[in-house]
Structure formats: structure tokens, C-alpha cells
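A short write-up of the structure that comes next.
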Amino acid sequence: GTEEREMSWDFFVPVCVGDLVKSGEVNQYVVQDVVSPKQLPPYLKFKAALRSQGPLCILEHFDTGYSVLQHCNSLDLVVKEDTLELLVQVVSGLAVTLPTVLASTSISAAERKEKLNAVKMSVFLLCKLTETLESFSYRQNVVTASGKGGKKGKAGGEGFLHWDSEREKVLQALIQLLQLDIRSLWSLSLVEEEFIRCVTFCCYKLLENPTISHVKSKPTRDCIIHLLGVLIKKYNHIMGIGVKVIQLMQHFEQLSSVFAQAVSVWSAEYGVRAIVGEVIREIGQKSSEELGREGSGVKAFASFLSELSTLVPELMIPNISVLITHLEGESHTMRVAVCEVLGEILVRVLCGDGLDESGKADRDRFFDTLQEHLHDTHSHVRTRVLQVYTRIVNSKALPLSRFNEVMELAVGRLMDKSINVVKSAIQLLAAFIAQNPYSCKLSSADLKKPLEKEMAKLRMMKEKLEGKAPVAVIKASELWAAMKPELLITVRTELEPTNKAEEQQQDDDEDMDVEEEKEAEDDRATAVKIAQYLRVNKYRNAVRLCVRAHSCFPESEMFSSLSTLTSETVLDTLALIFKGSDEDTTELSQNLPPTPQKDGEKQGDDGELKKQEMLVQYLRDTETFALQVERAISVINTMLYWKTTSVVQEAVQFCVTVCEFSVANSVIGVRKMLPLVWSTDAAIKDAVVEAYRRLYLNPRGDTVRMKAQALVDSLSELMVDASLGTIQCLEEIVQEFFSSGTNLQSIVVQILWERFTGKRETSALHRRAAVLMLGMAARAEREVVLSNLDTLCSVALGEKVTEDFLLARDTVITICNITDHVRQSKSAPFRLPQDHQLFTCLTQAIAEGVVMEDPYWQSFMEQAVRLIYFLAESPDQLCSRLLQRSARLLLDQIAEGAEVTKNTDQMSEVSQKSSEQVNCVCLAQLLALCGCVAFWQVSHLERSVSAELRRRRGETEEREEKGPSSKTKQAASESAMEEELGLIGASAEDTEAELIRKICETELLAEENLLCAFLPLLVKVCSSPGRYSHPQLTTAACLALSQYMMISPSVCEDNIRLMFTMLERSALPVVRANALIALGDLTVRFPNILEPWTQNLYTRLSDEVPSVRQTAVTVLTQLVLKDVLKVKGQVSEVAVLLIDPESHISSMALNFFNELATKDNAIYNLLPDIISRLSDPERGMNSEDFNTIMKQLFSYITKERQTESLVEKLCQRFRTAKTERQWGDLATSLSLLSMCERGFKRLQECWECYSDKLTEPGVYQPLLSITAKLRRGAKPQFKPQIDEFEKRLTAVHTRGLENVESPEMEEEDQKAGSKTVTHTPLPAKTRLRSKRGRSSRVSLSGTLFVTPRKSRNSKKPVIRFSSDEEEEDEEDAVMAESETPKVTTPIARSSRRTRLRN
């Protein structure tokens, strides 16, 4: 009875929890008994009932669960947790008991109802309680995370320590239950929407937790995904899910990856593939405007699509058309996502050779789409598309036919103005080289010959085949029969011309045909042509050509029957040609059908032709690829010296890749990056050192010996014809290897000795490389060289030294590495005795070389003298003897020469005049030796001698401190006081310095000193260039004189005028360049003597020879940046070099200003002067060049104060400028400044200065462009002022100042600029301007421009020309191609920035 009574009701899942208390429809379950929180512990009855009755107890105890739900906020945590546990048990219990009920066929309606109510009730309570606890847990977490949480926080937090695992249990129970086929409990198996919504709502609620995407939540996440999967598959939840997924992603960005996983699981594991289309369609339907709005979830959609495509790429293809529309949309985030989806499909699905036609079509379409977006307007899209391509290339999924095209686009992107795009382009190019199917080892030049050869072969094959077979064979005879009657008529008409006019016509046609025939060139080709004419019904042409062919090719068998010209013979010949033309024309047998054997031969020929065509195509592609690689390498090599660290690192990485795949010319980049080992940026230095380690110091080989051999070989390659600078950089990298002390290192040293001594057959270049590497090893371990000095001397410096001065020089450089000069040691100096074999060899080699004419002697001599001063005891005595010996040898040579002349009978006039002639080259060499000795003598005194004096003084002081103190206390305290003031050390050092100075001043050039003897000779040679015109002699004398001038102020003063005269007037560029370097050094050594002469150094900046200009920039850069020279207006000469036709000079000038800009306000202070000098009419610089230079210089003005002050200075200069050109230059300069609000106000205040010049377009246009630029980023309240100013400008420009300026305007002006300038306005008459546009106002000063001596500070401009108002530009001021001056001088960064995208 009870059972019947109970089951008279149905449980309806309510829309709102509270609805359960209200009575509703008939038979609807209503909660009778909501227990108050205090009375709730009776829920323990629920526990007991569960034990006794099993899961159906929920039917009686539902109200208890409902009460817990209602009073959730005020209940104890334990109560809630227990209830939850009971409900989980109920649901799990149902999952266990239901299968038997569902399986039985004889289930009564009452029982079914009972079970159904139990399912609904328990699921409803469990889901609602879980939702409540989830939000409570989330609140608790937020509280405990933000505050330290008092007692309450702790109490709340503790219960929920295990909420994650509880949550998991709930979900597992629900999955267990819903996986069963419980739909049959409902009538007609129609599960009501509310029941499903109850479960899904709970799932979505759990997904809203911000930590759901964390790793620790993975189990929960998986459960939710599977639970929803069950609902979608079995309970038809697919309808609403698409919209819901989109909504959730829109509000919770972190869900994108969760849903990507979910959608892939639902489509793969639950077989609901439609879900992918459902969700993608929802995203596809979002409009561009919608996605552009804040909070549109566009980021989440994008990452969802990207991730989904990695999980199920094949399911994306059917839906791709929906997404492609977003590529046209505004949102760059979506464009990136779609491109990534395409990339994923191309790598994972549409790749390989097995694609059907539609697959290939899709693939090509997708590739075309991707390619378009390499030129996307947004740099982020360009970057990501390049990265997608890199992945495609690395996965070998790029079809060969697209290789060169994409490669070219990637090289184009190296010019992109976005750094990230450039980096991605470099990575893509590296991938191309690493994965390329061609041989990179060959340069495009190497490929030219093979390509031409194979193309010629292909041409021959084609000609041969064309001769064989134009068309299908079978029909030839039938066709012939059809055309014969008509052809006969044509032949007859052709053979008997009726009148002159036709003959004329015929001749004309013949001329036309001769042209064609020239192309044909042989009888076979002519026959083919005739057959072609017949086939296209051009009978007349065919007949004429046939008739003429006989006279052209009398030898030919084909046309032999035409020796008698009748219509029959012509027709026969045509028949032979036409019917035989399909077979092998060389043997035009009768009109038999072709035999099968011939067919096979033809196919074979076709196959050969195909092969040859493929070979030619491959070679063509290889050549194109090689050219692209060469372009890429040359561009990326320049990036090694960019300012952006990350780009430099990419470029270094690229050079390594190129080198590892032994691309032709790859060593250029590897050498170019070497100097970066001195970079101040640690990241760059490390990248370079690592690159060299990888390329050169980790050799491959089976045995240690082979590895060592490989290492020596690769390093030698680098060192062959390397400069000394390169070798120094290499030392920096290699010395670490040599100090490693490994087995490999000792074998490397052994191999180097073998090469040097000639035990192994090696080239001279490799011998020199070997000895230099031994020097690098000596830096790490002195003994390597020291213990083998005798070997070095005997091999390179012995009797054969004069045969190879280069090997001798490199040996000397190596020995230098054992001197103290390389090591900072505190101990007594390390020197060898004067009579050591080494010095005997050196002095002999130098002296003998003086009287030889060996081009390499001088570089050997310089290094040898340096070594003598570094390593010998009393080097001055050695060198004194050396000079004597050399001079004696030269005198002997002169005397011998005179003897010879006397003994010969032919006494020419010259020899009578001076029987003693000197060899100019030998004299030059002797003078070079003198200069060198003088220079190193000074250096020796100032470095070695003074260092030794200091060391000895230090030792003495130490001994005194340790020794017994006999002095009184007072003396001790006095010395202590002096020491405190730093006097003792200082005065002692002064004494030492004074001593050295005195030696230089008085002793070095004293009468008895040998150096003194050569000085008059040097001066004489330098001051009489007409008499001593031998270039080598002049050069050596100039250099030696400058080295002598380093000795003392008096020598310097005596010869300074002579030196500057040579600088100005010498005809030899090398003398001018040497003089520049020498004077630069003298400026550092004797600044006071050189000070009055410095402006003469600047004049060389405009020297006509590039090498001299380059030297001048280098020297001045050093002097200015080391603060030896005060920077003055002459810097305008350096500015002119920014547009030098030689690119390396312009980049050095740019470097000068980049460095100068790091000094406070330096450029800002110089700008007005530079502008004055450059726009001086006498200089005659064209305005385009002026703009280019100014654009660069203004890019250094970055502070608002500086901008404001410059605006004022430039405006004031309008008053003193005299020509339209100068006004235009000033206006242009103003427009190049990065105008800020303060600067603009100042511009308005200075209206008086330029308003009368506005009718000139050259003044008006640039000022107008300022307003356009300001408007772009202006605040709304600032825009009216800009508009007002623009109106004023335009009004004055169009109508003239006198017609515009009126009292009202003046008032407005007062308002506009709060601080009005206190110029008394000039009377109207003076404002009138003549037609020529000259100001009739008297110049305020005699000079063209006055520099107001103000110096304020200044904001980095975005410099634009008026022409590019429309074009958004990136941060730094760089020229677009359109603005680059015609004298093409790239300013270093222009390439990386504003090049128009290819």
C-alpha cells in the first residue's frame, strides 16, 4: 500500500530550486518539510536509511537533502560534506543497481517510475550541492589567498583541502550513472530538457573556475569533458553546446585550450564529428566589428582554433571556408589563428605525394593564401606566417615548386621594419638552407656552366625529335587524299604567275618566308614547317616554301626531285613530306604506316627528353636557390652589427647554419662576426664564442688525431689571408681551448709543429697559419713557444729568412706572445740576454733586408723591432747597433753602385753629375727603420722603464716597512699623514715621469745619439717633394718624421707646420692618410701644441679620395669621443658624409653621430650651427641631401625641452636668413622635429618670425605637414588649436599676410599663446614682401645666422617628410626608399626599417 501511495507523484526537476516548495501540477512532488539548520542533524537518519534501504532511500529523505541545500550558507561544513558524500553514494548505488532493472523485460510501470524519481532526485540534489560548494570553495580560496585569513578563513579552508578530489568523485558518479541506458526509464525515452540542463549547468559552473586549466586540475577537467561527451552523444545535448562553448570562451579566456581538447575528444572518442563544424561555424559567423570590440574573446577564439588544428587537423578542412572569411577581417589575432590552422593542415594532412586531385587543389589554395599574408599589414601576422612556413619547411611539407618563390619572399622580409618579422625571416631562411633539396655547396657562378651545357643538350634533343614527329600517323594518307584536289589547284596557280602584280606579291611573300627559313636552318626543319603549313590549310605558303627549299638545300634528298619544276614533282614532294613527316624524317621511306619498333624508339626518345627537361629544370631551380641564398647571406651579414641584440643573435645563428651546411661563401659571415667577441653586450659575445666553438672547436673525426687534424684545417682556412685584427679576435676565442689541457689540445699543438717545421707537406699559407696558432697556444701556456725558440729561429729566422719575410713576420708575432706585454705580472720583467740567438737572427734579417727590395720586409721589420723592445735586455743598445749596421750596408751599396758606373765605358751625363746614386727603395726602408726604432724607444721608456721603476720603488718601500724603525715617533706620524694625503706615491711618480720626459727631451736626440743623425734627412725629404718624388720614399719619410715628432714637444713644434703642409698638399693619398693618423696621435700626446691646428684636420673630410675621407672620419671619431677634441660647428663636415657615395664612409659617419648622441646634449647644442653651415648658399647643397642629413640628426633629439628650445632657435633664424632656400631649409628642419605640445605652442608664439614668408610653398608645405603629424596623436582638447593654426597658415599662404592679419586675429593670437612674445610688431609696410619672396627687413646681424647661446634639453622624433603624412611609421627616424637621396648612401638602419614591403 505504501508503495502505491508513494508513487502517486512524479519528481519534476525545477527551473529554480525554490520552486520545489510551491505546489504545482497534479501529482508533482512538493517538499513538505524544510528543516531549520539547528534541527538538521537528523540527516543522520538519511545515513542509516541509506545503509538499510540502499539508494532508493532518497525518495523518503529528499527533504533532508533539500534543507541542506537551502541553508547551505549557515550550516557547518561537516554537515555539507557528509550530505555530499551520501548523495555520491546514492548516485553510485543507482548506477550499480539499475543495469539489472534496465535489462529485465518485465519491469512494472510503478517500479520504473520509482527508479526514475530516484535518479532525478539524487542527480538534482548532487548537482545543485556541487555548484554551491564550488562557488563557496572559490570564495574561500580568494579570501585565503588575498588576506592571511583569520580563524574563519582557516576553518573554511581546511574542509576544502580535498575539494578537488571530492569534485572528481561527484563527476565520476554522474558519468557512471548517465553512461547507462537510463533513457528507457522515461516514457518514450524522451529525457526532459530540465534534467539535462541540471547536469550541464553543473559542468559549466565547474569550468568557470580560473584554475581549471592548471595542470593539477587535469583529472577534473577530463571528467567534465567525458561527462559532457556522454550528454552530447546519448542525451542529444549537441544543440546548445556550440553556443555555450563560444559564450564560455568569451568570458573565460583560459578555457580555449580546455575546449580545444574537449571538442577533439567529443569528435574522436564519442564520434560526434559535427561538433567541430558547430563550434567553428559559430566563430566564423562573428563579424569583424564584433571581434574588434573589447572583451569579444577574440584571443580565446584564436588560441582555440590554433590548438584544435593541432589536435584534429583533418576535421578542420571541411570547415575551413567558414574561417577563411576572417582573413579579410580587421582582427589580426584571428588572421594569425587562421594562418596557423592552414599551416597545421598543410604539415599534417595535405602533404606527401599521395594526394588526390582535390587534395592538391586545396593544398595549392592554402599555400597561396598563406603567401599573401607574408605581406599582411600587421607585423604580428607577418611574423607568425613566417614561423608557420618555418614549421612547414622543417617538416619537409613545402612542395619543391614553391621553394624558390617562398625563399624570395623571405629574403624580401629581411627588409621589414618590424624586428620580429626580420628575426622570423632569418629563422625561415636558415630552415630553407638546412632542409634544401639542392646542393648549397655550389655558388650561382659555379652553376652557370653546367646549366648552359645541359640546356644546349636539351635544345639539340628537341630539334632532333621535332624533326622526327609532329603528329598522329594513321590519318596522314587519308588527310592527304582529302586535300590533294585543292592542293593541285594551288600548285598550278603558283607555278604559272598571271601578271606582274602577282609576281610582285610573290616576291613580298618570299621575303616574309625567308625570315622564317632563317630560323629553320636545315632541310629537315623546313620539311616540318611545310607539313605544319599543310596541316593548317596554308597551302600557298607550303607550296612556295617547298619550291624555294630546293634552291636553298640542293644537296637534300627530300627536295631532289624538284630539279625539274612541274606540278607533279611538287605534289610528290609535298606528299612525301606530309605523309612521311610523322615518321622519322631522316629516312622518308614510302608512305608505309610506321612499324611498332619505331613507336618504341619514339617513346624512348620522349623519355630521354623528359629526363633532360627535368635535369635542366633542376639546375635552373638550383641556380635560383643559390642566388637567393647569396642575397640572404649578404643582407644578414650586415645585420651582425645592428643595435638589436636579438637580431644579432639570430644572424649569428644563421651564419652557423650556413657554415654547417657548407654553403658557398659562408666563411665571409663567419669572419665578419668575429669582432663581436669584443662586444660589450654579453649576450652577443656569448653567442659568437658559442658559434665558433660549435663550428671550429668541436671537430668530427674517428680518432683524436683526425679530430685534431680537422680542427687545425678549419682554423687555418679562417686564418688564410686574414687581417691582424681577425687574428686578434680569434686569439680571444681559441686561447680558451688551448688552456683546456685536454688530450686533443696537446695533439693539436703537435700537428701545428709538424706543419710549421715542414715535416708534413703544407702550403706556405698553412705554415703561417700554424705558426700563428702556436702563438695563440703560447698565450695560454708560455712554454709551448719558449722551449722551442731555437726551432722557431732555425726554421723561420735562419739563413732562409730573406726568402719568406711573411713567415718570419708571423713567427715574430708568435714569439711576442711569450713577452710580459701579453701578461700582467707583478714579478721582475721577463727578458732574454742581448746575445741570445733570437736577436742575432733578427738583427741580421732586418739589416740584410734594408738593402733588398722585398715588399714584405717592412711589416716584418716593424714586428721585429717591437719584439726586440719587448723581450731584449737593453734593447736601445741592440737597436743602435742595428741602425749603424743597416746604414753601413746601404753606404756600401751606394759605393758599389758608383764603382760599377765608373767602370762602364758608357759615361752618361747623369752619372757624371752624381756618380753616387742611392736606391730610393732601400733609403725608404732605412728611414722606416729609423722611425720605427724612434717610436718603440719612446714607448719602451714610457711603458717598460717606468713600470720597472715603479716596481722597484714598491719593493724598496716594502723592505723599509719590514726593516727596523730607527726613526722617531714624530717622523713616523708625519709620513703616515703624508701617505694619507697620497703625497709620497704621487711625488715619487712625478719624479719618475719627469725623469722619462727629460730623457725624451734631451737625451734621445742628443748629438752622440744615432737617432739624431737621421732627423735632418727626414725633414729634407719631406720638405722637397719635387726633388724626392719617389712614392715609397715620401711615404716612409712622412711616417718616420711623425714618429720622431712623438719623442718630444720641441721636435713636434719644429715640424708641425711641415706635417700639416703635407696633410693639405701631398699628391699621394697614402701620405695624407698617414699624416692624419699621426696628427691624431700627436693631438693626444701634445694637445696644447696641436690645439690651434685642429680645424685643419676637418678639411680632410671633404678629400676627393674615399680612403682619406674614411681615415679622417675614423681619426676624428676617436678624438671627439675620447674628449681630446672639443666638438665645434665643423662637425657639419662629418654630417655631409652621411650622404657620402661610399656606403662604408656614410655608415662610419652615422656611427660617429650615434656615439656622439650618447654624450649629454652634444648634438642638440651643435644642430643650429650645422643647419647654418649646410644651408649656406655658398655651399650649394641641394635640398634633398639637406633633408636626408637633417632627418638623421633630428632623430637624436628626444627630450621635449630640447624640441621646444630648438623650435624657438630655428624660428629666430628666419629673421636673419636671406634667401628662399634658407627659409625652406629652416621650415623643413622644423617639420623634421618630433613636435610635442610644448614645441607647438612655441611655434605659435614665434608666428611673427615666419608669417611673412608663408607665401613661399617651400615654407608653407613643411609647416603644414607639422599640423598633420600633430593631429595624429593629439588629445581631443588640443585638436582645435591645431585646426586654428592650420587655418591661419593656409589663409596667409593663399592671400598674403597683409590681407589676413587683423586686430581680431591678434586677439585670438593673444589667447592661443598664453605667453606672447614681446617683439614689437613691425609696421605693416615692412611686412610687405616683394614678388621674389625676399624679406625687405634689414638683417639683424652681419652673419647669415646667429646661434643663440642657449642650451636646453630635449623628445625623440618620429621624423617624417611632408610627402608621407599618410604613412604610419615606426619609432625611429629612417628614410623610406622614396626619400633616400639620389646619391645612394644607405643609412645603416634604413634597410631594416622603412623599406616598402616587397
Side-chain angles (χ1 to χ4, degrees), residues 637 639-643 645 648-649 651-656 659-660 666-699 708 710-742 744-746 748-749 751-752 756 765-766 768-786 809-825 859 863 866-867 870 943 1114 1118 1151:
N637 284 350
M639 294 178 183
L640 289 167
Y641 288 88
W642 275 18
K643 283 206 161 51
T645 306
V648 177
Q649 287 171 307
V652 167
Q653 200 44 53
F654 176 82
C655 288
V656 172
C659 205
E660 286 188 324
S666 53
V667 84
I668 298 173
V670 176
R671 276 195 189 168
K672 191 166 181 184
M673 71 186 179
L674 242 186
L676 291 171
V677 297
W678 311 110
S679 171
T680 47
D681 185 330
I684 292 177
K685 179 179 175 166
D686 293 348
V688 173
V689 172
E690 193 40 56
Y692 270 88
R693 249 191 234 132
R694 190 168 145 189
L695 287 176
Y696 291 102
L697 303 179
N698 289 342
L711 189 146
V712 171
D713 284 338
S714 55
L715 278 177
S716 299
E717 275 313 302
L718 259 189
M719 294 175 70
V720 165
D721 63 26
S723 65
L724 284 177
T726 306
I727 287 164
Q728 271 182 335
C729 301
L730 264 180
E731 267 175 4
E732 187 69 10
I733 292 171
V734 176
Q735 75 181 20
E736 185 186 333
F737 166 77
F738 278 122
S739 51
S740 62
T742 55
L744 178 65
Q745 180 238 321
S746 53
V748 165
V749 171
I751 289 177
L752 290 173
F756 170 68
L765 283 171
H766 282 118
R768 281 171 38 209
V771 78
L772 284 170
M773 278 189 266
L774 286 169
M776 295 174 191
R779 283 178 88 92
E781 181 47 66
R782 190 185 254 177
E783 280 307 309
V784 172
V785 166
L786 191 54
R809 178 198 67 188
D810 290 348
T811 305
V812 169
I813 292 174
T814 286
I815 299 173
C816 262
N817 282 319
I818 66 171
T819 61
D820 287 336
H821 173 71
V822 176
R823 302 171 165 66
Q824 272 63 51
S825 67
S859 62
Q863 293 295 339
R866 173 171 171 256
L867 177 61
F870 282 170
R943 284 194 188 162
T1114 313
Q1118 291 297 326
N1151 182 49

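In this text the structure is predicted, and so the values were computed from the model without any measurement. Computation of the quantities below employed the complete heavy-atom set of this structure, encompassing side-chain atoms and omitting hydrogens, waters and symmetry-equivalent molecules.
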Can you tell me how far [atom2] of [Y] sits from [atom1] of [X], rounded to the nearest 0.5 angstrom?
X: Ile815; Y: Phe870; atom1: CD1; atom2: CZ; result: 13.5 Å
X: Thr814; Y: Leu774; atom1: OG1; atom2: CG; result: 6.5 Å
X: Ser714; Y: Leu697; atom1: OG; atom2: CG; result: 8.0 Å
X: Gln745; Y: Phe737; atom1: CD; atom2: CZ; result: 6.0 Å
X: Ser859; Y: Asp810; atom1: OG; atom2: CG; result: 8.5 Å
X: Ile668; Y: Cys659; atom1: CD1; atom2: SG; result: 11.0 Å

Side-chain contact, heavy-atom cut-off 4.5 Å: [X] with [Y]?
X: Ile733; Y: Leu674; value: yes
X: Asn817; Y: Glu731; value: yes
X: Cys655; Y: Leu640; value: yes
X: Arg809; Y: Arg768; value: yes
X: Glu717; Y: Val667; value: no
X: Tyr692; Y: Val670; value: yes
X: Ser666; Y: Glu660; value: no
X: Glu732; Y: Lys685; value: yes

- Task: In sequence, state the C-alpha distance, the side-chain angles, and the governing distance for Met776 and Ile727, and then conclude on side chain to side chain contact (heavy atoms under 4.5 Å, CB included).
- Result: CA-CA 9 Å; Met776 295 174 191; Ile727 287 164; 3.9 Å; yes

- Query: Applying salt bridge (Lys or Arg N to Asp or Glu O under 4.0 Å), which residue pairs with at least one partner in residues 668-683 are found, sequence neighbours left out?
  - Reply: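 Salt bridge (Lys or Arg N to Asp or Glu O under 4.0 Å) check on residues 668-683 returns Arg671-Asp721.
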
What's the shortest heavy-atom distance between [X] and [Y], and which atoms?
X: Tyr696; Y: Leu711; answer: O-CG, 3.4 Å
X: Ser716; Y: His766; answer: CB-CD2, 3.2 Å
X: Cys816; Y: Thr819; answer: O-OG1, 2.6 Å
X: Val748; Y: Ala708; answer: CG2-CB, 3.7 Å
X: Val749; Y: Ala777; answer: CG2-CB, 4.4 Å
X: Val652; Y: Ala687; answer: CG1-O, 3.8 Å

- Message: Evaluate Leu676 against Tyr641 for side chain to side chain contact (heavy atoms under 4.5 Å, CB included), listing each step before the verdict.
- Response: CA-CA 8 Å; Leu676 291 171; Tyr641 288 88; 3.7 Å; yes

- Show your working on salt bridge (charged side-chain N to carboxylate O under 4.0 Å, His left out) between Arg782 and Asp820 and close with a plain yes or no. CA-CA 10 Å; Arg782 190 185 254 177; Asp820 287 336; 3.3 Å; yes

- Query: side chain to side chain contact (heavy atoms under 4.5 Å, CB included) between Val648 and Met639: does it pass, once the steps are laid out?
  - Reply: CA-CA 6 Å; Val648 177; Met639 294 178 183; over 6 Å; no

